[in-house]
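Basis for what follows: all heavy atoms, side chains included, without hydrogens, waters or symmetry-related copies.
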Amino acid sequence: MTFLSAERRWRRGVLVLSACLPLAFARLAFAADDAAEPQVPPKLSLRQAISLALDNNPGLKQTQVSLLNARSSLVSGKDLTDTTIRAGVTQFGATSGDNDTAASAGAEITIDRLGGDQISASIVPLSTSSLASSLQLEYRRPLFKGRGLLGQRNVQITGLEYSLASQEHRAYLDRQNTVENTIQSYFRAVQNSEMIKVREYDVEMARDSVTTAQKKLAEGLVAEIEVSRAQNQLAQSEDSLVGQKRQYRDSLDALLLRMGLKVGQNTELTDTAVVEPVKLDANTLVQEALESRRDISVAQIGIDRQKLELSVARDDQRPGVDLFGSYVNEGVGVFGGGGSLSDSNWTAGLTYSYPLGSVSRRERREQASRELGQMEIEFDYLKQEIKDEVLRSVRALEAAEASIDILRANQKISEDRLHLAQRMVEEGLVVNRDVLEAQRDLTSTRASLLGAQIDYYLSLVALKRSTGRDIATEMGS
């Protein structure tokens, strides 16, 4: 019995170990993955937040992938030479009954020129039979349609260059949007963090009001309703504090998402919004925006590309005249080929072609012309939109600056009113309703002043971006 019990315990231990080992290794793998992922530092500055967003934001990474793909497409499009090596076995037969089998190997090469010229060569020098060996050379040059800048490969490469230039501008714009959104998320989190302090101070004032009301009730100086009113204010203040903490957590997670990091992490935001009045010249800023904005460059590239499309559509309606020539030599094999069996011939001439499907070609040209006209209209409209955006940013900045001055004065008034109400309550001149109202006004003014300071800073960032400045560089990233 003792031996069987020991054997059973040994088997049970093996089973438990077998079940636990995979789980342990899986936990180690998850831990390694977590360690490899970027983490938010314990203290996070605005510059660090921007740097993390530029390195980890998924949308920005997708933009970089698109940019690399555009570059690869251009490199591939500029490869004007196509070379192929072939080998095979060929069976020859004739009505006379003579049959032959040949193994052969050779190469083909095609060279396209930007102006529309094309050279191709095919050679099969290695063959066991002269019937399978050959040398072929061909040359074609358009003299009228599809030549020069409107050559097929030249048009293709030009289109790829336009695509790359447009993608580079879009990558820049996406980078600026990522930086601006990160700044907004950072300072909204800062605002909610500072609002927690405002709400905590509000709770402290409400508790002092409750204590004062209870003390005066015990002394018989106030009615019980004064205590109830103060307790109700305290409950509302505590509820606002709970909601404010939730808003801060939400805004911090939103910032982590902007940076491409896992949500739920904790950090201390070290930067605050610095309000520094600036002198603004709206006309100068508008002119700077019209000269620097990358979206204007993207629109101009689209117009240039559409002009090329219209030129190609017009060229496609014209008749074509091509110069061509060819040379063929059969029987140039090395193994068993060549010699007296070789035969060669050449051809040269001109070909003339006239497009009969004039309706489709005409409609293609008309469509390209209409699209070009619409793009030019939208280009002018874009300039007006940019002008409007800059002017609105200037007005928003001026309004925020004015609000800060007004709210600072109101905060001083609210503080004086609260102190006066507290002194009058202590002297028994008024009830605590005046104190509670003064507390609410002071809390509201502090919250509004904090929001106005954040809005001023963010409006300044938006103004810089609207004028086409590189806010990532200005922020030190």
Side-chain angles (χ1 to χ4, degrees), residues 27 30-31 33-61 177-207 231-275 400 403-404 407 411 439-440 442-462 471-472 475 477:
R27 290 179 177 176
F30 285 130
D33 291 340
D34 291 340
E37 292 182 355
Q39 303 293 318
V40 64
K43 293 186 176 182
L44 182 67
S45 66
L46 176 61
R47 181 176 298 182
Q48 289 174 315
I50 294 174
S51 179
L52 286 169
L54 293 177
D55 291 338
N56 302 295
N57 185 271
L60 202 56
K61 286 185 176 182
N177 289 335
T178 299
V179 172
E180 184 180 15
N181 291 334
T182 302
I183 295 173
Q184 291 177 350
S185 297
Y186 184 93
F187 280 108
R188 290 308 176 195
V190 169
Q191 180 180 0
N192 286 318
S193 176
E194 294 298 320
M195 277 299 302
I196 291 178
K197 299 177 183 178
V198 173
R199 295 298 181 188
E200 288 175 341
Y201 183 72
D202 184 45
V203 170
E204 291 179 6
M205 290 191 298
R207 286 174 179 168
Q231 289 174 336
N232 182 59
Q233 174 90 353
L234 175 59
Q236 293 178 358
S237 299
E238 290 175 337
D239 183 66
S240 298
L241 177 59
V242 172
Q244 190 60 56
K245 290 181 178 179
R246 176 185 57 78
Q247 290 183 23
Y248 169 68
R249 182 68 257 180
D250 292 343
S251 61
L252 184 59
D253 284 343
L255 174 61
L256 292 171
L257 284 176
R258 289 290 185 192
M259 296 186 296
L261 305 181
K262 282 188 173 181
V263 299
Q265 302 182 65
N266 292 312
T267 185
E268 178 184 352
L269 306 179
T270 59
D271 288 344
T272 57
V274 179
V275 178
S403 296
I404 290 174
L407 290 170
Q411 180 173 328
Q439 290 175 354
R440 287 194 294 267
L442 179 58
T443 299
S444 176
T445 302
R446 285 178 173 174
S448 299
L449 177 58
L450 177 61
Q453 291 172 336
I454 297 294
D455 290 342
Y456 179 88
Y457 187 88
L458 295 181
S459 296
L460 183 59
V461 173
I471 57 177
M475 293 297 175
S477 299

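- A donor-acceptor distance shorter than 3.5 angstrom exists from the side chain of Asn56 to the backbone of Leu52, with no hydrogens or angles considered.
- The two residues Val179 and Ala472 come nearest to each other via the heavy atoms CG2-CB, 3.6 Å.
- Between the OG atom in Ser459 and the OH atom in Tyr456 there is a gap of 9.0 Å [rounded to 0.5 Å].
- Using a distance-only test at 3.5 Å, with no hydrogens or angles considered, a donor-acceptor pair links the side chain of Thr182 to the main chain of Thr178.
- Nearest heavy-atom pair, Asp55 versus Lys61, reported as atom, atom and distance to 0.1 Å: O-CE, 3.2 Å.
- Atoms CG and CG, on Asp202 and Leu442 in that order, are 8.5 Å from each other to the nearest 0.5 Å.
- Closest of all the heavy-atom pairs between Asp253 and Gly264 is OD1-N, 3.0 Å.
- Under the ring-ring contact (aromatic ring centres under 6.0 Å, His included) criterion, Tyr457 pairs with Phe187, not counting sequence neighbours.
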Trace of the side-chain hydrogen bond (donor to acceptor under 3.5 Å, both in side chains) decision for Arg440 with Gln233
CA-CA 9 Å; Arg440 287 194 294 267; Gln233 174 90 353; 2.6 Å; yes
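- With contacts defined as side-chain heavy-atom distances shorter than 4.5 Å, the pair Leu255/Leu269 qualifies.
- Interatomic distance, Gln184 CD to Ile454 CD1, rounded to the nearest 0.5 Å: 11.5 Å.
- Between Ser185 and Ala254, the shortest heavy-atom distance links the atoms OG-O, 4.4 Å.
- Each salt bridge (charged side-chain N to carboxylate O under 4.0 Å, His left out) pair with one or both residues in residues 447-456, not counting sequence neighbours, appears once here: Arg188-Asp455.
- Side chain of Thr267 to main chain of Pro41: a donor-acceptor pair is present (N/O by atom type, distance under 3.5 Å, no hydrogens or angles).
- Without hydrogens or angle criteria, Asn57 side chain to Gly260 main chain gives no donor-acceptor distance under 3.5 Å.
- Contact check on Glu238 versus Arg207 returns a salt bridge, with a Lys/Arg side-chain nitrogen under 4.0 Å from an Asp/Glu carboxylate oxygen.
- Atom CD of Gln411 and atom OG of Ser444 lie 11.0 Å apart (nearest 0.5 Å).
- No side-chain donor from either of Asn192 and Arg246 sits under 3.5 Å from a side-chain acceptor of the other.
- A heavy-atom distance below 4.5 Å is not found between the side chains of Leu449 and Arg446.
- Of the possible polar contacts, one joining the Gln439 side chain to the Met205 backbone as a donor-acceptor pair under 3.5 Å is found.
- Side-chain atoms of Asp271 come within 3.5 Å of backbone N or O of Leu46 as a donor-acceptor pair.
- Taken from CD1 in Ile50 to CG in Asn181, the straight-line distance is 11.5 Å, to the nearest 0.5 Å.
- Looking at every heavy atom in both residues, Arg249 comes nearest to Asn266 through NH1-OD1, 2.5 Å.
- Of all heavy-atom pairs spanning Leu234 and Val203, the tightest one is CD1-O, 3.8 Å.
- Gln453 CD to Ser448 OG: the interatomic distance, rounded to the nearest 0.5 Å, is 11.0 Å.
- The salt bridge (charged side-chain N to carboxylate O under 4.0 Å, His left out) check on Glu200 picks up nothing, with sequence neighbours excluded.
- With hydrogens and angles ignored, the 3.5 Å screen pairs a side-chain donor or acceptor of Tyr186 with a backbone N or O of Leu44.
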